[in-house]
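Report on the following structure.
Numbering of residues begins at 1 and proceeds along the displayed sequence.
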Amino acid sequence: MKKIFLLGVGAQKSGTSWLHQQLSNCANIDMGFTKEYHVFDALFSEHCERYKRKLTSDLFNPELNLDKELIRKKIEFVNNPSSYFDYFDLLIECNPAIELVGDITPSYSMLNAEHFSFIKKGLTDRGFEIKVLFIMRDPLQRAWSMLRMNRANIKNKNINHQFKTNEEQALLDSYKMPDSVLRTKYDRTILELEKVFAPAEIFYGFYETFFTAKSYSALSGFLDIQLNTPDFHAKINSVKESDSLSSNTKKEIVDFYQETYRFVEKKFQSEIKDIWQGFKILNSK
């Protein structure tokens, strides 16, 4: 009997929602009642304390048409992480057809080795084989997509909202904010992961090539389970692209993250060098 836990740690805006939907369509996988549980980021990261506050706010907001029992369960997970581990343990123990369960929360990329060790112990104590997934996207494009998503979410809540700055200036104001940096410095995340997990326990993917049969087959092999044929044309949480950025803005952001580009280039070599736009900017100096 296989008992696998998929720990998806990001990156944000790198196709994880699409992946969650494809995995959820498989009869041998149960991802539970949500995609992003936001347990360990809310528990350990000062930049994600808002997730815990939001749960409490949602629970006592009568105007929101939400499943209060699921909110209570999330609150319980944060207040007592053992209940989180027990929940996934029960999912797989109570259904012989299930081989894999998991949590794909992109902001887990902000955690450090101590936090990953905590997660690992909770899962291995319950007999899970842990598979870690980290999908990366060109830092320039990831930061820009994150900004577009945040602005779209604000507009969805208030169609009449007027932004104080245009999109390009908003990106310049946000790309080096602490939470954005922690989500984008893949070198930091990789080094923290590899302090806790063996290389064979981590799957590294790239957004730009992830939606292909080759990459999905590689993921299936890594997970060591049969996956359904995915819908590569499905669009989940996609945000319409806007006008292009100026060359100066692109250069500023790429320069800021140049250590990340160089680290990824060295680690993955030719696999990544030709697919991230930022490398062309970085190497054009």
Geometric class of the Tyr37/Phe77 ring pair [parallel <30°, tilted 30-60°, perpendicular >60°]
tilted
Under 3.5 Å donor-acceptor, Ser57 side chain and Arg53 backbone:
no
query: Do Met31 and Ile104 come within less than 4.5 Å of each other through their side chains, counting heavy atoms only?
result: yes
I'd like to know if the side chain of Ser246 pairs up with that of Thr249 as donor and acceptor (distance under 3.5 Å, no hydrogens or angles considered). yes
Note to self: Would Phe206 and Phe268 count as a ring-ring contact (aromatic ring centres under 6.0 Å, His included) here? Give the steps.
What the structure shows: CA-CA 10 Å; Phe206 300 102; Phe268 301 102; 5.1 Å; yes
Separation between CG (Asp179) and OG (Ser174), nearest 0.5 Å, reads 9.0 Å
Closest heavy-atom pair, Ala42 versus Tyr51, reported as atoms and distance to 0.1 Å, is CB-CB, 4.1 Å
Nearest heavy-atom contact between Ala11 and Arg183 is CB-O, 4.2 Å
Can Leu43 be reached from Phe5 by stepping across I, L, V, M, F, W or Y side chains whose heavy atoms are under 4.5 Å apart?
-> yes
Would you say Glu201's side chain and Ala198's backbone share a donor-acceptor pair under 3.5 angstrom? yes
Q | Lys73/Glu76 under salt bridge (charged side-chain N to carboxylate O under 4.0 Å, His left out): CA gap, chis, key distance, verdict | A | CA-CA 5 Å; Lys73 190 176 287 292; Glu76 179 188 4; 5.0 Å; no
* Donor-acceptor contact present, side-chain Arg142 to main-chain Ser14, <3.5 Å -> no
**Report entry** Working for side-chain contact (heavy atoms from CB on, under 4.5 Å), residues Val39 and Tyr108
**Finding:** CA-CA 9 Å; Val39 174; Tyr108 288 171; 3.8 Å; yes
Heavy atoms of Lys74 and Thr34 approach each other most closely as CE-CG2, 3.9 Å
Kindly say whether Leu59 contributes a backbone atom to a donor-acceptor pair with the side chain of Arg72 at under 3.5 angstrom?
-> no
The reported gap from CD1 in Ile92 to CD1 in Ile4 (rounded to nearest 0.5 angstrom) is 7.0 Å
*asked:* Tell me whether Lys52 is salt-bridged to Glu49, with the criterion being a basic N under 4.0 Å from an acidic carboxylate O.
replied: no
* **Ile75 side chain reached by Ile71 side chain, heavy atoms, under 4.5 Å** => yes
* Between Phe256 and Tyr175, what is the ring plane arrangement, given parallel below 30°, perpendicular above 60°, and tilted in between? -> perpendicular
task = Begin from the C-alpha positions of Leu111 and Ile119 and carry the test side-chain contact (heavy atoms from CB on, under 4.5 Å) through to its verdict.
result = CA-CA 11 Å; Leu111 303 179; Ile119 299 170; 4.0 Å; yes
Looking at the rings of Tyr87 and Phe33, which for Trp means the six-membered one, are their centres under 6.0 Å apart?
yes
Does Lys3, at its NZ atom, have more than 12 non-hydrogen atoms belonging to other residues, nucleotides or ligands within less than 6.0 Å? yes
Value for CE (Met136) from NZ (Lys267), rounded to nearest 0.5 Å, stands at 8.5 Å
inquiry  = Using side-chain heavy atoms (C-beta onward) and a distance below 4.5 Å, is Lys13 in contact with Arg137?
reply    = yes
Margin query: Membership question, hydrophobic clusters at under 4.5 Å side-chain separation (ILVMFWY): are Val254 and Met177 in the same one?
Written below: no
Discussion item. Please check this pair: side chain of Glu192 against backbone of Ala113, looking for a donor-acceptor N/O pair closer than 3.5 Å.
Written reply: yes
Given the options Phe211, Tyr204, Phe210, Tyr207 meets ring pair (Phe, Tyr, Trp, His ring centres under 6.0 Å) only with Phe211
Distance-only donor-acceptor check, side chains Lys35 and Ser24, under 3.5 Å
no
- Message: Let me check something: do Leu100 and Leu90 share a hydrophobic cluster, defined by ILVMFWY side-chain heavy atoms less than 4.5 Å apart, either directly or through other members?
- Response: no
- With side-chain contact (heavy atoms from CB on, under 4.5 Å) as the test, would you mind laying out the steps for Gln12 and Ser180 before giving the verdict? CA-CA 10 Å; Gln12 186 189 44; Ser180 183; over 6 Å; no
For Glu114, does the CD atom have more than 12 heavy-atom neighbours from other residues, nucleotides or ligands under 6.0 Å away? no
Is there a side-chain contact between His38 and Val78, using heavy atoms and a 4.5 Å cut-off? no
Closest heavy-atom pair, Gly32 versus Leu91, reported as atoms and distance to 0.1 Å, is CA-CD1, 3.8 Å
If you take the centroid of each ring, where Trp contributes its six-membered ring, are Phe197 and Phe134 closer together than 6.0 Å? no
inquiry  = Would you say that Thr209 contacts Ile275 through its side chain, given a criterion of any heavy-atom pair below 4.5 Å between the two side chains?
reply    = yes
*asked:* Which label fits Trp276 and Phe279: parallel for a plane angle under 30°, tilted from 30 to 60°, or perpendicular past 60°?
replied: parallel
* Is there a side-chain contact between Leu6 and Leu133 (heavy atoms, below 4.5 Å)? -> yes
Taking every heavy atom of Asn61 against every heavy atom of Lys68, the minimum-distance pair comes out as O-NZ, 3.1 Å
Give a yes or no on whether the backbone of Thr212 and the side-chain of Ser215 come within a donor-acceptor separation of less than 3.5 Å. no
For Asp231, is there any backbone N or O sitting under 3.5 Å from a side-chain donor or acceptor partner on Gln22? yes
For Arg126 and Asp86 the tightest heavy-atom approach is NE-OD1, 2.8 Å
**Report entry** pair Ile190-Phe263: side-chain heavy atoms closer than 4.5 Å
**Finding:** yes
Do the ring planes of Phe40 and Phe44 sit parallel (below 30°), tilted (30 to 60°) or perpendicular (above 60°)?
parallel
Donor-acceptor under 3.5 Å (Asp41 side chain, Met110 main chain)
no
Rounded to the nearest 0.5 Å, the OG1 atom of Thr229 sits from the CG atom of Asn25 at a distance of 11.0 Å
Self-check item: Greater than 12 external heavy atoms within 6.0 Å of Glu259's CD
Solution: no
- Task: Please check if the side chain of Ser217 supplies one atom and the backbone of Ala213 the other of a donor-acceptor pair under 3.5 Å.
- Result: no
_Side chain proximity check, Ile130 to Phe116, heavy atoms < 4.5 angstrom_ = no
Worksheet item: Is Phe163 linked to Trp144 within one hydrophobic cluster, defined over Ile, Leu, Val, Met, Phe, Trp and Tyr using a side-chain heavy-atom separation of less than 4.5 Å?
Response: no
Taking a hydrophobic cluster as the set of Ile, Leu, Val, Met, Phe, Trp and Tyr residues connected by side-chain heavy atoms closer than 4.5 Å, whether directly or through intermediates, do Met146 and Ile135 fall within one such cluster?
no
| Does a donor on one side chain and an acceptor on the other come within less than 3.5 Å for Glu252 and Asn248? | no
Rounded to the nearest 0.5 angstrom, the CD1-CD1 distance for Ile29 and Ile98 is 8.0 Å
Is the shortest side-chain N to carboxylate O distance from Arg262 to Glu265 below 4.0 Å?
-> yes
Problem - Ring geometry between Phe203 and Phe222 (parallel below 30°, tilted from 30 to 60°, perpendicular above 60°) - result: tilted
Interatomic distance, CD1@Ile272 vs CG@Asp138, rounded to 0.5 Å, equals 7.5 Å
Looking at Pro230, is its backbone amide N or carbonyl O close enough to the side chain of Asn228 to form a donor-acceptor pair, meaning the two atoms are under 3.5 Å apart? no
